[in-house]
Amino acid sequence: MAVVTVTKDNFDTTVQGSDKPVLVDFWASWCGPCRMVSPIVDEIGNEADGRYKVAKVNVDEQPDLAARFNVMSIPTLMVFKDGKPFGTSVGVRSKQDILSMLE
């Protein structure tokens, strides 16, 4: 499944309404570490096979969502299970570290 771009308009249905775990990447285009994590997040999204969803939130375009979840530094990776934040990671992480958040 491809990575979904999430906005304040579709966050509740796409992320919080999901029956599967959702990995959300809070990022910005000017952020160097975000550019390092982005290909890993994309790869995880392409390999999901319906087990989980992967979404991205551009914090510059969606500051309300960043504030809603207290995102102070980017990249912030947040896993939602049953509509609630389950785990958070800030900074560059390996693919295996990110996948372990989804387990």
Side-chain angles (χ1 to χ4, degrees):
M1 174 179 225
V3 176
V4 178
T5 299
V6 178
T7 67
K8 65 181 179 177
D9 297 327
N10 68 352
F11 186 89
D12 291 341
T13 55
T14 303
V15 176
Q16 293 188 305
S18 176
D19 59 347
K20 296 175 175 45
V22 183
L23 173 67
V24 180
D25 177 13
F26 290 88
W27 68 284
S29 60
W30 49 264
C31 166
C34 297
R35 289 193 300 268
M36 293 170 64
V37 169
S38 183
I40 297 169
V41 171
D42 292 344
E43 188 175 321
I44 290 170
N46 290 332
E47 296 172 354
D49 289 332
R51 294 172 290 165
Y52 45 81
K53 293 181 180 180
V54 178
K56 291 188 178 188
V57 175
N58 183 322
V59 297
D60 288 335
E61 295 173 0
Q62 303 298 319
D64 293 345
L65 281 177
R68 179 173 163 186
F69 294 102
N70 298 315
V71 174
M72 301 294 183
S73 299
I74 52 174
T76 291
L77 300 174
M78 197 173 288
V79 173
F80 288 78
K81 292 185 179 179
D82 299 319
K84 296 182 171 81
F86 181 77
T88 302
S89 173
V90 178
V92 177
R93 296 288 182 261
S94 70
K95 181 178 179 181
Q96 190 55 48
D97 287 346
I98 297 168
L99 287 170
S100 68
M101 291 175 63
L102 289 160
E103 296 174 357

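What you see below is based on every heavy atom in this structure, not just the backbone, and it leaves out hydrogens, waters and symmetry mates. Keep in mind it's a predicted model, so treat the numbers as computed, not measured.
- R68 and D12 are joined by a salt bridge, as a carboxylate oxygen and a charged side-chain nitrogen come within less than 4.0 angstrom of each other.
- Considering every non-hydrogen atom in both G45 and V54, the closest pair reads CA-CG2, 3.5 Å.
- Among all heavy-atom pairs drawn from G91 and V37, the shortest one is O-CG2, 4.2 Å.
- Between the CG atom of L102 and the CZ atom of F80 there is a distance of 12.5 Å, given to the nearest 0.5 Å.
- Residue D42 holds its CG atom at 3.5 Å from NZ of K56, rounded to the nearest 0.5 Å.
- Of the candidates V59, V41, N58, V71, W27 forms a side-chain contact (heavy atoms from CB on, under 4.5 Å) with just one, namely N58.
- The main-chain N or O of T7 is never found under 3.5 Å from a side-chain atom of Q62 such that the two would form a donor-acceptor pair.
- Hydrophobic clustering, with ILVMFWY side chains joined whenever heavy atoms are under 4.5 angstrom apart, groups L99 together with L77.
- Within a 6.0 Å sphere centred on NZ of K95, heavy atoms belonging to other residues, nucleotides or ligands number more than 12.
- Here the closest heavy-atom approach between residue P75 and residue P33 is recorded as CD-CB, 3.6 Å.
- Of the inter-residue distances, the one linking I98 atom CD1 with I44 atom CD1 reads 4.5 Å to the nearest 0.5 angstrom.
- Note on V90: it does not cluster hydrophobically with F86, by side-chain heavy-atom contacts below 4.5 Å among ILVMFWY residues.
- Considering all non-hydrogen atoms of both residues, R51 and E47 come closest at NH2-O, 2.9 Å.
- Between the side chain of S18 and the backbone N or O of V15 there is no donor-acceptor pair closer than 3.5 Å.
- The aromatic rings of F69 and F26 are tilted relative to each other, their planes meeting at an angle between 30° and 60°.
- The hydrophobic cluster containing W30 also contains V57, counting ILVMFWY residues as joined when their side-chain heavy atoms lie under 4.5 angstrom apart, directly or transitively.
- Annotation: salt bridge (charged side-chain N to carboxylate O under 4.0 Å, His left out) contacts involving residues 74-92, sequence neighbours excluded, are absent.
- Between T76 atom OG1 and N70 atom CG the span is 10.5 Å, to the nearest 0.5 Å.
- The heavy-atom pair separating A2 from N46 by the smallest distance is CA-OD1, 4.1 Å.
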